[in-house]
J.: 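Quick one: the structure is below, questions incoming.
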Amino acid sequence: MSDTPRMPARIRMGTIWLEGCSGCHMSFLDMDERLIDLADKIEIVFSPYVDAKAIPDNVDVFLVEGGIGSDHDMEVIREIRRKTRVLVAFGDCAVTANVPSMRNGLDVGAVLRYGYEETGQPIQPQIPTQGIPALLPQVLPVHEVVPVDVYMPGCPPSADLIHFVVGEVLEGRLPGRGVRARFG
Ligand code: SF4
């Protein structure tokens with residue numbers, strides 16, 4: 001038997017961007033050298049940062065960037081909710097639908113025609129249909145589809161705010177909720 005002390009289990013974290021611009025994920029990377037400390041405490045199990053293909057079971061914390069704007073987003077966010085203990089609405093698009101919701105007052109068909117036929121590639125203008133998720137009539141904030149545990153506003157949230165929120169969650173505290181999360 002080895003005398004090497006067992007390392008404490010790391011928190012299993014996922015991140016995803018749905019209908020967002022990836023700016024919140026860029027801000028996460030702006031934590032710079034603080035990421036090195038976090039790497040000892042977090043295992044990234046699903047994220048654009050890693051090459052995971054499927055959302056795993058038993059995720060402790062999921063940072064969700066972006067609003068819910070398509071039937072694919074709807075399916076994914078429900079799967080994330082089923083598999084996640086603490087779901088964080090990560091940035092204003094997740095919290096309020098923000099920028100993507102600018103299309104909410106418009107007809108979806110008109111938006112697609114404008115984007116792909118009227119102002120898209122002039123050679124063969126057409127609306128793609130094969131393998132493309134259908135857009136919802138309106139882009140929704142995450143909490144209108146599934147329960148959210150922590151709201152992290154900002155467009156994007158600053159690296160300092162992300163560091164604070166992730167640090168609190170790692171300590172078992174849910175900022176703004178006054179309750180504790182238990183992992184493991
Ligand atoms: S909140 Fe801002 S930075 Fe984040 S995905 Fe939306 S538009 Fe991009």
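Each ligand, and each atom within it, is numbered from 1 in the order the structure gives. In this chain, numbering begins with 1 at the start of the sequence shown.
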J.: When Val59 is tested against each of Thr84, Val86, Leu87 for side chain to side chain contact (heavy atoms under 4.5 Å, CB included), which residue passes?
T.: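 By the side chain to side chain contact (heavy atoms under 4.5 Å, CB included) criterion, Val59 pairs with just one of Thr84, Val86, Leu87: Thr84.
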J.: Counting C-beta onward and ignoring hydrogens, is there a side-chain heavy-atom pair between His143 and Tyr151 closer than 4.5 Å?
T.: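 In contact.
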J.: What salt bridge (charged side-chain N to carboxylate O under 4.0 Å, His left out) pairs are there with at least one residue in residues 41-58, not counting sequence neighbours?
T.: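 Applying salt bridge (charged side-chain N to carboxylate O under 4.0 Å, His left out) to every pair that reaches into residues 41-58, excluding sequence neighbours, yields Asp51-Lys53, Asp57-Lys83.
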J.: With a cut-off of 2.8 Å, which protein N/O/S atoms are close to atom 4 (Fe) of ligand 1, if we only count those under it?
T.: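 Only Cys24 SG fall inside 2.8 Å of atom 4 (Fe) of ligand 1.
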J.: Extract all donor-acceptor atom pairs below 3.5 Å that involve side chains of residues 22-30 and protein atoms in other chains or at least two apart in sequence.
T.:
from	atom 1	to	atom 2	distance (Å)
His25	ND1	Glu65	OE1	2.8
His25	NE2	Thr15	OG1	2.8
Ser27	OG	Pro157	O	2.5

J.: So Val88 and Val64, side-chain contact (heavy atoms from CB on, under 4.5 Å) or not? Walk me through it.
T.: CA-CA 6 Å; Val88 180; Val64 177; over 6 Å; no
J.: Restricting to salt bridge (Lys or Arg N to Asp or Glu O under 4.0 Å), what partner residues turn up for Glu144, sequence neighbours left out?
T.: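 With sequence neighbours excluded, Glu144 shows a salt bridge (Lys or Arg N to Asp or Glu O under 4.0 Å) to no residue whatsoever.
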